[in-house]
Student: 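Quick one: this structure, given as structure tokens, is what I'll be asking you about.
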Amino acid sequence: MPEGHTIHRLARDLRKDLTQRNVPVSSPQGRFAESACVLDGDVVSRVEAAGKHLFMHWESDQILHIHLGLIGKFRPYPVNDPLTGEIRLRLEGEKTAWHLTGPQTCVLVEPAVVAGVLDGLGPDPLRRDGRRGDFVDRIAGSKKAVGAILLDQDVIAGIGNVFRSELLFMVGIHPSTPSNSLTEDQADEIWNIAADLLRVGVKLNRIVTVTPEDAGAARWRLSDDERLYAYKREGLPCRRCGTEIVIGKVANRSMWWCPRCQPG
DNA sequence: TCTTTATGGTGAG
DNA sequence: TCACCCTAAAGAT
């Protein structure tokens with residue numbers, strides 16, 4: 001579920017469903033019960049996404065910091081649906097109730113915490129303040145493998161394990177390539193494609209990287225088996241050259257690439 | 001009915 | 001580099 005596109009889409013949907021109304025807030029599971037009481041009936045004033053972080057600002061000046069982590073989900077359900085599972089946080093809208101399960105972070109914070117998180121993040125292509133130049137500088141300033149550095153949230157905020165494999169496939173760069181050996185044009189291209197793919201992700205509410213040219217169809221039409229170039233496709237033929245996609249470990253996590261399209 | 005896995009991040013050794 | 005946290009769904013038995 002959660003790379004940057006998920007969080008920005010959530011911010012948009014939560015804004016639409018929950019602002020300008022008193023929101024019943026609860027924690028059916030109980031682990032957020034005390035804070036839920038503090039927020040119960042409050043009004044959402046602003047919802048902000050930064051990389052994989054979500055901040056909900058309330059009119060009482062409370063700020064709710066949410067990070068989904070690997071397994072967290074924040075999804076809408078009909079308000080009258082029976083409650084099942086480990087619902088840490090429930091926000092009730094008019095027809096829709098949002099259920100948060102398995103988050104890495106769900107806590108009320110002071111403004112200084114928000115500032116600290118924002119300060120620690122690299123540029124986010126989905127934010128107005130996300131500067132491509134900052135990304136290019138950070139790419140040039142590290143000798144780590146590019147496949148590793150793309151996961152560093154202080155280099156570029158919002159990229160995760162799916163996007164890093166897909167990005168490097170699309171620019172034709174081997175994941176082990178030292179970051180500081182990329183040309184400025186290559187870094188620019190990674191940024192531009194990342195921005196494009198993230199925007200597509202927000203729009204479709206899922207990651208689809210295969211281009212209409214390669215697919216012969218619009219992105220929104222592609223099935224789960226058709227939408228990615230490399231991620232989880234080890235042993236399958238590359239969509240561009242037919243060579244078998246390979247899998248390896250980069251920065252302690254699985255990574256996929258085409259040995260022919262991404263020589264190294 | 002198990003075990004494994006997942007688009008993430010932290011903190012200890 | 002590793003264990004660990006959180007949860008649900010998919011896969012193996």
Side-chain angles (χ1 to χ4, degrees), chain A residues 1-11 27-33 35 49-55 64-77 81-90 98-107 109 113 116-122 124-126 144-145 147-170 175 193-194 197-210 219 222-225 227-234 245 247-257:
Chain A
M1 277 297 281
E3 294 192 29
H5 68 295
T6 304
I7 310 307
H8 283 264
R9 175 60 181 254
L10 262 175
S27 177
Q29 173 208 52
R31 293 182 60 165
F32 188 66
S35 299
K52 299 169 187 172
H53 296 261
L54 184 72
F55 298 103
L64 176 58
H65 178 202
I66 291 171
H67 191 297
L68 294 180
L70 181 59
I71 64 172
K73 306 222 184 304
F74 203 177
R75 295 186 299 204
Y77 297 84
D81 259 27
L83 306 187
T84 60
E86 298 291 311
I87 305 169
R88 182 84 59 92
L89 168 71
R90 183 172 190 270
W98 289 83
H99 293 185
L100 173 68
T101 61
Q104 173 172 119
T105 304
C106 174
V107 62
V109 295
V113 172
V117 169
L118 296 180
D119 190 50
L121 288 175
D124 176 346
L126 291 178
K144 287 171 71 171
I149 206 169
L150 287 178
L151 285 184
D152 289 352
Q153 300 301 297
D154 57 349
V155 170
I156 179 170
I159 298 305
N161 210 30
V162 177
F163 277 132
R164 74 160 173 168
S165 281
E166 296 298 300
L167 279 170
L168 291 183
F169 175 89
M170 293 176 85
I193 294 175
L197 293 181
L198 282 163
R199 280 191 278 265
V200 169
V202 172
K203 185 169 181 179
L204 301 181
N205 213 1
R206 64 178 186 147
I207 299 176
V208 181
T209 61
V210 175
R219 276 181 162 137
L222 302 185
S223 71
D224 284 350
D225 289 339
R227 69 195 171 101
L228 303 174
Y229 287 107
Y231 179 77
K232 276 195 177 171
R233 295 196 69 244
E234 70 272 22
I245 299 294
I247 182 173
K249 285 270 190 198
V250 179
N252 231 2
R253 300 188 67 191
S254 296
M255 167 119 208
W256 293 260
W257 66 92

Student: Any base atoms under 4.0 Å from A:K73, or only sugar-phosphate, or nothing? Heavy atoms, all strands.
Tutor: nothing
Student: Tell me whether the side-chain N/O atoms of A:H5 come closer than 4.0 Å to OP1 or OP2 in B:dT7.
Tutor: no
Student: Does the side chain of A:Q104 get closer than 4.0 angstrom to OP1 or OP2 of C:dC4 through an N or O atom?
Tutor: no
Student: Using a 4.0 Å heavy-atom cut-off, does A:G160 contact any base of the nucleic acid, only the sugar-phosphate backbone, or nothing at all?
Tutor: sugar-phosphate
Student: Which residue, A:N252 or A:T84, contacts DNA chain C at a nucleotide closer to its 5' end, judged by nearest heavy atom?
Tutor: A:N252
Student: Would you say A:R253 reaches B:dT7's phosphate, i.e. side-chain N/O to OP1/OP2 under 4.0 Å?
Tutor: yes
Student: Can you say whether the rings of A:W256 and A:Y231 are parallel (under 30°), tilted (30 to 60°) or perpendicular (over 60°)?
Tutor: perpendicular
Student: Rounding to an integer number of Å, can you tell me how far A:D224 CG sits from C:dA10 P?
Tutor: 12 Å
Student: For A:Q29, answer base if it contacts any base atom (sugar-phosphate contacts may also be present), sugar-phosphate if it contacts only those atoms, and nothing otherwise; contact means non-hydrogen atoms under 4.0 Å.
Tutor: sugar-phosphate
Student: Please measure how far the P atom in C:dC5 lies from the corresponding atom in B:dG13, and state the result in whole Å.
Tutor: 14 Å
Student: For A:K52 and B:dT7, is the shortest distance between a side-chain N/O and OP1 or OP2 below 4.0 Å?
Tutor: no
Student: Taking the side chain from A:D124 and the backbone from A:A50, do they hold a donor-acceptor pair closer than 3.5 Å?
Tutor: no
Student: Pick the C1' atom in C:dC6 and in B:dT1, then give their distance to the nearest Å.
Tutor: 22 Å
Student: Would you say the side chain of A:R90 lies within less than 4.5 Å of the side chain of A:H99, judging by non-hydrogen atoms?
Tutor: yes
Student: Could you check which of B:dT7, C:dT7, B:dG9 has an atom nearest any side-chain atom of A:V162?
Tutor: B:dT7
Student: Whole angstrom is fine here: how far is it from CG in A:D154 over to C1' in B:dG9?
Tutor: 13 Å
Student: Sticking with atom P, work out how far B:dT4 lies from C:dC4, rounded to a whole angstrom.
Tutor: 15 Å
Student: Just one of A:I66, A:I7, A:L121 clears the side-chain contact (heavy atoms from CB on, under 4.5 Å) bar with A:H53, so which one?
Tutor: A:L121
Student: Taking the minimum atom-to-atom distance to the side chain of A:P2, which one of B:dG8, B:dG9, C:dT7 wins?
Tutor: B:dG8
Student: Which nucleotide wins on minimum distance to the side chain of A:R227, given the candidates B:dG9, C:dC6, B:dT7?
Tutor: B:dT7
Student: Report which part of the nucleic acid A:E86 touches: base, sugar-phosphate, or nothing (heavy-atom distance under 4.0 Å, all strands).
Tutor: sugar-phosphate
Student: What nucleic acid atoms does A:R31 come within less than 4.0 Å of, heavy atoms only: base, sugar-phosphate, or nothing?
Tutor: sugar-phosphate
Student: Base, sugar-phosphate or nothing for A:G85? Non-hydrogen atoms, less than 4.0 Å.
Tutor: sugar-phosphate
Student: For C:dA3 and B:dT5, measure between their P atoms and round to the nearest Å.
Tutor: 15 Å
Student: Hey, does A:K249 reach any base, or is it just sugar-phosphate, or nothing, if we go heavy atoms under 4.0 Å?
Tutor: nothing
